[in-house]
Amino acid sequence: MDKIKLIEGQQAKKDMPKFNIGDSVKIMTKIPEGDKVRLHPFEGVVIAKNGSGIASSFTVRKVSFGEGIERVFPLYSPAIESIKVTHSGKVKRAKLYYLRGKVGKATKIESATAAVEKES
């Protein structure tokens, strides 16, 4: 087991930000086009995190032109250029699959800073 952890530690990126379920993130992915590599953004809410170690992944959901889009990203994928947390949310669930059935303002997630202010 120690050899596996050693190899995983070498492969893992060190500059990954900490983010939780309910946070809004902007992921810049590398898209190869011929001999060039273009960066393509995908911005949405993290609705699930799966796995552990180098095999971990997360699911991001956004609504584009009235259609819900979900993408699953491996956390340590070489295709991911950067992950930026744009908004931190406070939720009481580990998986936010219930957002699939919601539309419009019902999909809003309470801000973590607003939740702290409301409690005090």
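The figures that follow rest on heavy atoms only: side chains count, while hydrogens, waters and symmetry mates do not. These numbers were taken from a predicted model, which means no experiment stands behind them. The chain is numbered in sequence order, starting from 1.
The shortest distance between side-chain heavy atoms of E43 and I27 does not fall below 4.5 Å. Between V60 and V25, some side-chain heavy-atom pair lies under the 4.5 Å cut-off. Considering only heavy atoms from C-beta on, V72 stays 4.5 Å or farther from F58 through its side chain. Considering only heavy atoms from C-beta on, H87 stays 4.5 Å or farther from D23 through its side chain. Between F42 and K26 the shortest side-chain heavy-atom distance does not fall below 4.5 Å. Side-chain contact check for I109 versus L96: some heavy-atom pair is nearer than 4.5 Å. Residues F73 and S57 form no side-chain contact, since every pair of their non-hydrogen atoms from C-beta on lies 4.5 Å or further apart. Side chains of L99 and I47 form a contact here, defined as non-hydrogen atoms less than 4.5 Å apart.
The distance from the NZ atom of K92 to the CD atom of E110 is 8.5 Å, given to the nearest 0.5 Å. Atom CD in E33 sits 7.5 Å away from atom CD1 in I31 (nearest 0.5 Å). Atoms CG and CE, from L75 and M16 in turn, are 5.5 Å apart once rounded to the nearest 0.5 Å. To the nearest 0.5 angstrom, T29 atom OG1 is 7.5 Å from L39 atom CG. Atom NZ of residue K62 and atom CZ of residue R71 lie 9.0 Å apart, to the nearest 0.5 angstrom.
Electrostatic pairing of E70 and R100 counts as a salt bridge here, judged by a charged N lying under 4.0 Å from a carboxylate O.
For T107 (side chain) and G104 (main-chain N/O), a donor-acceptor pair under 3.5 Å exists by modelled atom type.
Annotation: cation-pi pair K49/F19 present, NZ/CZ under 6.0 Å from the ring centroid and within 45° of its normal.
In the model, K95 has a side-chain atom that pairs as donor or acceptor with a side-chain atom of N50 under 3.5 Å.
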